[in-house]
Structures are given as C-alpha cells and as structure tokens.
Amino acid sequence: MTIDNIMNRIQIKLKEDKKLLSIYFTAGYPNINDTVTIIQNLEKNGVDMIEIGLPFSDPLADGPTIQASSTQALKNGMTTEVLFNQLKDIRKTVNIPLVIMGYFNPMLQYGVEAFCAKCQEIGIDGLIIPDLPVDVYHEEYKAIFEKHGLINVFLITPQTSVERINYIDSISNGFIYIVSSASTTGAKSGFGDEQTNYFKRIANMNLNNPQIVGFGISNNETFAQATQYAKGAIIGSAFIKYLTNNGVDKIDSFVKQILT
Amino acid sequence: MSYNINKKGYYGKFGGAFIPEMLYPNVEELRQNYLKVMAEPEFKKEFNQLLKDYVGRPSPLYFAKRLSEKYNTKIYLKREDLNHTGAHKINNTIGQILMAMRLGKTRIIAETGAGQHGVATATVCALMGLECIVYMGDIDIARQAPNVARMKMLGAEVRPALSGSRTLKDATNEAIRDWINNPVNTHYIIGSVVGPHPYPDMVARFQSVVSEEIQWQLKEQEGSSKPDYVVACIGGGSNAAGVYYHYLDDEDVKLIAVEAAGKGVDSGASAATSVLGKEGIIHGSKTLLMQTKDGQITEPYSISAGLDYPGVGPMHAHLYKSGRAEFISITDDDAMTAGLEMCKLEGIIPAIETSHALAVFDKKQFNKNDIVVVSLSGRGDKDLDTYINHFKL
C-alpha cells in the first residue's frame with residue numbers, strides 16, 4: 001500500500017459526525033518543556049485536533065498575544081530541532097491529529113524535504129504555513145508534502161475570490177482554514193451577521209474539503225457561531241491567554257467551557 | 001542575461017510574494033494595476049510635474065573637483081540630497097501616493113526606521129490631503145525625536161511598534177499587520193525595494209528617474225552617457241536601485257554597492273547582509289537576510305539608521321550572487337571619516353548612509369580617467385548629533 005492510500009488522521013477525524021474543536025498553542029510557551037504536557041492534556045479533555053505553533057521572530061499574520069508567546073518561546077530556547085526532539089515519542093501517547101503551524105523561513109532553513117521527512121517520522125499529519133503562497137506550494141513543494149503523507153492547509157479570507165477558493169479547494173486534501181475576518185489572529189468582540197453570512201456563503205459552495213474557522217474564536221458562544229456552518233473551529237490566542245494566567249495544569253476547565 | 005525583474009516577479013531566484021492569504025487581494029490588486037497605471041500619460045505627466053516643481057528635479061550631477069584631485073579619478077556626485085525632504089526617498093513616495101489615489105485608496109500607512117521615509121510619506125500625504133499613519137519602532141522613536149516631530153507637524157500619526165526588537169523590521173511587520181486589518185481602503189507605501197512583488201519593481205521604477213537623469217547629464221558633461229562605475233550605499237536598496245536602473249543590463253558600467261559593516265563584518269554588530277546573510281524570506285520576499293541557523297531573523301547594527309535592515313532588496317541579492325555588482329562593506333569609523341572629508345573638501349554635509357558610499361575611495365583604487373558616479377543619497381542635517389558625538393565637535 002502506498003502512502004497515498006493510507007488515510008491521514010486528519011481525513012479520518014473529518015469524517016466523524018461532530019463539530020471539531022482544534023486548539024493552537026505556541027511550542028515553548030509558557031515554559032520550554034510544556035509541549036508534551038499541553039498536547040496530552042488537550043487530548044485527554046476532548047480536543048479533536050492540535051496545532052503546534054513553531055515560533056518565529058517575525059510572525060506577520062499574528063496579533064499581539066501570539067507574537068508575545070512566540071517571542072517568549074524563542075527566549076526560552078525553542079528551535080525546530082528542540083521541538084522535533086520533544087515530539088519524538090508523541091505517538092506513543094497521543095492519537096488525535098497533530099498539525100504544525102509555522103512560518104516558512106524556519107522550514108526553509110531546516111530544509112523543506114528534511115522538515116517533511118521529520119514530520120512523517122514523528123507522526124505529524126499536516127502543516128499550516130501562512131506565508132507559503134498557494135502557487136509556490138503547487139509548483140515546488142506539493143510533491144514533497146505528499147510523498148511524506150502531509151496535508152497542507154490553506155487559508156481563505158472574506159476577500160478571497162470565488163475563483164481562488166475553487167483553486168485552493170482543488171489542491172487541498174484535508175480541510176480549508178476559514179479566516180473569520182480581515183485581521184491578524186486574536187479575539188474580536190464576537191461575530192456579527194457579516195461573518196455568519198460569509199461562513200454560510202462558503203458552506204453553500206459545496207467544496208470538496210470541509211471548512212474549519214479560525215481567528216476570533218475565544219469561547220463557547222463564538223465556537224457555536226463559527227461551527228453553525230463549518231465543520232469545526234480553531235482557538236489560539238484565547239488559549240494562549242489562558243495558559244498565561246493559569247499555567248498548564250487547568251487545561252480541563254478551558255476546554256470544558258468551550259464544549260458545554 | 002537581464003538583471004531586471006522577470007514576469008513572475010523574480011530577479012534570478014530572488015523575489016516573489018511570500019505573503020499570508022490575508023494580504024493576497026491587496027498585493028494582487030497592486031500587481032495587476034501598477035504597470036498599467038504607470039504607463040498612463042496622465043499619471044506620467046502628474047508624476048513628472050511634481051518631481052520638477054515640488055521635489056526640485058532634476059537633481060544636479062556635480063563634478064567634485066577637489067575630491068577627484070585627492071583620489072586621482074573623476075568623481076561625479078548625484079545630488080539627491082538637494083531634493084525636498086533631503087533624500088532620494090521622496091521620488092518613491094510621490095509615485096506611490098499617486099498610485100494609491102488611482103486605486104481609490106484613502107488611507108496611507110508606512111514604516112520607518114530613522115524617520116526619513118516616514119517624513120517623505122507624511123509629506124506627500126499632507127500634499128494630497130490623505131490620512132497618514134507611520135509605524136516606527138519605539139526604540140527608534142526615542143532616538144529620532146526630530147523626525148518624529150516633523151511627521152507630526154505634517155499631520156501624520158506616528159504609532160510605536162512594540163513587538164519583537166522594536167526597530168525597523170518590527171515597524172515593517174506592524175505596517176503589514178495594519179494592512180491585513182484594513183484590506184480595502186488602505187495603501188501601504190513601502191520605503192525601499194523590499195517586500196512582496198510588485199513592490200521591489202514598483203519602487204525601483206519610481207527611483208529610476210535618478211539614473212535616467214544621470215544618462216543625459218553625463219552626456220552633456222562628458223560626451224557619453226555611460227560612467228565607468230556607479231557607486232551607492234545599500235540598506236534595503238532603493239537608492240542603489242535608482243542609480244543602477246538604466247545601467248543594469250549594460251555591463252560596461254560597473255556597479256558598486258556599499259553596505260554598512262558596523263563595528264566590523266565579524267564583530268557581531270554589522271549590517272553587511274551580502275556577507276552575513278543567507279537565502280530566506282523576509283517581509284514577503286525571498287532574498288538574502290541575516291538570520292540564525294534556525295531561521296529566526298536577527299537584528300543588524302550600523303551607526304547609520306538607514307542601513308540597518310536585516311535583509312536587502314531581491315534585485316540586489318541577485319546582483320550580488322550573479323557577480324554583476326561588487327559589494328564592499330564599510331565600518332562606522334571609516335564612513336564617518338569619509339563624511340567629514342566630504343564636508344571639508346566639497347562643502348557638502350552628507351547623510352551617514354551616503355558617507356558609507358563615499359568611503360569607497362579609500363578602499364578601492366580607480367584609474368585616472370575613470371568616471372565614477374556616486375549617489376549622494378541624502379543630506380546630513382538629520383545626523384548632526386551623531387557626527388557631534390563621534391568627532392566630539
């Protein structure tokens with residue numbers, strides 16, 4: 001059986017008949033060695049998928065919360081190598097899909113092929129790279145990602161044209177990441193009609209790939225709004241803030257208040 | 001071989017648009033329109049009129065007699081320091097504000113390091129009556145107080161960049177984030193030949209007026225439009241792009257790029273990107289940049305606030321890698337000495353950025369009959385405090 005025929009954990013998860021909760025955290029924050037604890041606690045408390053943020057010095061698409069956590073994580077000594085070492089036995093204890101989210105330059109320095117091979121070896125299921133453009137991925141890297149069984153996730157925004165959404169859908173093989181509004185990451189004051197109509201508009205396009213909403217989801221209410229039309233939602237900044245205030249021991253109550 | 005940009009937005013293997021999807025519509029709108037707009041006769045007319053009447057172009061090409069005697073070669077200075085606002089920066093901001101207005105934008109954002117590009121942007125926004133927000137690292141705000149005051153007098157809002165290392169690269173990040181959050185009404189006036197395609201090409205084209213003038217000015221004075229050498233300092237590289245532009249593909253004309261070595265290329269406090277940088281991605285462009293082994297972008301150093309950018313425009317990365325341009329790095333001390341020499345020999349106080357280019361004559365021997373054009377990219381008024389402290393004046 002070739003790698004293409006094995007269903008990726010993300011693809012299996014997307015077939016479950018439920019709304020999916022995905023959580024983002026920055027690796028190396030609050031403390032350098034929290035990575036595995038955070039992942040295990042999130043899974044134990046019912047989270048469906050995890051995005052592990054590989055910190056970058058210049059995170060263009062991120063708001064103040066994730067910027068600050070990235071700066072701290074780098075100060076704590078997080079690097080690509082350190083993260084891969086921390087994750088080397090993760091599949092002995094964790095079964096849910098794991099995605100690495102990071103900017104392209106650190107991956108480029110590691111070597112894209114080497115990075116993908118390492119992800120496969122560890123059991124990473126997908127990558128989200130906000131500053132790797134769709135066309136460059138398509139022409140230069142798609143074959144490498146597929147060779148290593150990795151799903152690449154693309155973003156769309158309220159300004160993305162129908163034509164471009166269809167193009168992105170055609171080269172995706174997991175889910176499409178819906179950015180809730182024209183913004184960097186971080187909590188807004190809830191979603192209005194504008195967002196709801198946008199989620200609905202995308203849902204009505206009947207795309208091949210399910211959609212998961214991110215940016216601006218912070219609690220039970222915004223999670224419910226985001227998943228009314230989409231398959232799932234991603235929470236990042238709100239979780240980072242929670243970790244800042246409560247540390248890694250009380251992750252259960254954070255997840256509970258989202259899922260109740 | 002062409003050293004100019006190709007259809008896909010690359011100079012050799014450098015350039016492109018490595019941007020988050022949130023920026024795609026803004027950058028794509030610009031990409032689809034910039035050449036069309038720049039080719040419109042009305043646009044050209046307005047641009048040229050403003051360059052003439054408002055900026056004061058053409059800037060003189062001045063034969064520096066005493067400097068030439070000292071170094072036993074023929075040195076011409078392209079006097080961009082005589083432009084309104086005191087540097088070449090205004091050529092680009094005039095072009096981009098007209099572009100923004102053609103695209104129906106009503107709000108302008110910019111980044112600035114030392115404040116020169118911020119002042120040039122605030123100036124054209126005042127001229128056109130558009131809202132202007134300039135991002136500046138809060139460390140730079142503290143050390144460049146006069147330029148902060150100038151921007152405020154011109155009606156701009158100066159917003160501190162508090163993230164990362166709180167200098168130019170972070171101000172650029174903040175401007176990009178602002179653009180993500182304001183995708184419809186806002187135009188981002190980038191100050192150099194950096195950023196995602198089409199910025200490097202658009203800025204180079206607006207700055208290319210400089211080499212266009214050098215061609216006919218030199219023809220008038222020397223009977224030939226071709227110098228033997230063109231010398232410019234490089235931070236991001238808009239000044240160098242402007243003086244090189246019409247000579248890029250004419251290999252009879254040798255190009256020299258002068259980078260800031262800071263306290264020495266190997267001192268750990270330098271901005272010599274060509275030597276210290278590796279291929280990577282910064283602010284949406286694939287180019288050479290200073291970074292850790294792990295791909296984190298590092299903070300450069302130079303006594304000149306206009307040269308301490310951790311990357312370099314993709315055009316220049318290509319000129320370096322292809323060998324088309326010779327790259328020379330000059331330390332703080334050598335630059336300051338050359339700046340003071342220019343004052344004494346020619347009665348011109350240059351910007352410290354420019355002083356780096358002038359230090360080339362001490363490093364490299366030219367022939368007696370060589371014609372060497374140096375871009376005098378800016379005036380030194382803004383740098384008086386640094387000169388005073390350095391020379392204990």
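As the structure is a prediction and not an experimental result, all values here were calculated from the model. Chain naming here is simple, since letters A, B, ... match the order of the sequence lines and numbering starts at 1 in each.
Using a 4.5 Å heavy-atom threshold, the side chains of Asp294(B) and Glu81(A) count as separate. Taking the side chain as every heavy atom from C-beta outward, Tyr177(A) and Glu21(B) never approach each other to under 4.5 Å.
One distance of note links CD1 of Ile180(B) with CG of Leu60(A); it measures 6.5 Å at 0.5 Å rounding. A distance of 11.5 Å separates CD1 of Ile297(B) from OH of Tyr103(A), quoted to the nearest 0.5 Å. Taking CG of Leu162(B) as the start and CD of Gln67(A) as the end, the distance is 9.5 Å to the nearest 0.5 Å. For the atom pair CZ (Arg164(A)) and OH (Tyr24(B)), the distance works out to 4.0 Å, reported to the nearest 0.5 Å. One distance of note links CG of Asp131(A) with CD1 of Ile176(B); it measures 10.0 Å at 0.5 Å rounding.
Applying the side chain to side chain donor-acceptor pair (under 3.5 Å) test to Thr167(B) and every residue at least two apart in sequence or in another chain returns Glu299(B).
What you find for Ala182(A) and Pro183(B) is that their closest heavy atoms are CB-CG, 3.5 Å. In terms of heavy-atom proximity, Met22(B) sits nearest to Ala61(A) at CE-CB, 3.5 Å. The two residues Asn105(A) and Gln291(B) come nearest to each other via the heavy atoms ND2-OE1, 2.8 Å. Nearest heavy atom pair, residue Pro25(B) against residue Gln159(A), reads CG-CB, 3.5 Å.
By number of non-hydrogen pairs under 4.5 angstrom with chain B, the leading residue of Leu108(A), Thr80(A), Val134(A), Ile168(A) is Thr80(A). Top candidate by heavy-atom pairs under 4.5 Å with chain B, chosen from Thr184(A), Asp58(A), Thr71(A), Thr79(A), is Asp58(A).
Both the backbone and the side chain of Phe18(B) have a heavy atom closer than 4.5 Å to some heavy atom of chain A. Residue Glu279(B) touches chain A through its backbone alone, counting heavy-atom pairs closer than 4.5 Å. In this structure, chain A has a heavy atom under 4.5 Å from the side chain of Leu289(B), while its backbone stays farther away. In this structure, no portion of Asp135(A) lies under 4.5 Å from any heavy atom of chain B. If you measure heavy-atom distances from Phe56(A) to chain B, the contacts under 4.5 Å come from both the backbone and the side chain. At a 4.5 Å heavy-atom cutoff, the contact between Lys278(B) and chain A is made by side-chain atoms alone. Looking at Ile19(B), the atoms closer than 4.5 Å to chain A (heavy atoms on both sides) all sit in the backbone: N, CA, C or O.
Among Pro55(A), Ser70(A), Ser57(A), the one residue that satisfies the side chain to side chain contact (heavy atoms under 4.5 Å, CB included) test with Gln296(B) is Ser57(A).
The pair Lys8(B)-Glu139(A) meets the salt-bridge criterion, since a charged nitrogen lies less than 4.0 angstrom from a carboxylate oxygen.
A distance-only check finds no donor-acceptor pair linking the side chain of Arg177(B) to the backbone of Ser183(A) [under 3.5 Å].
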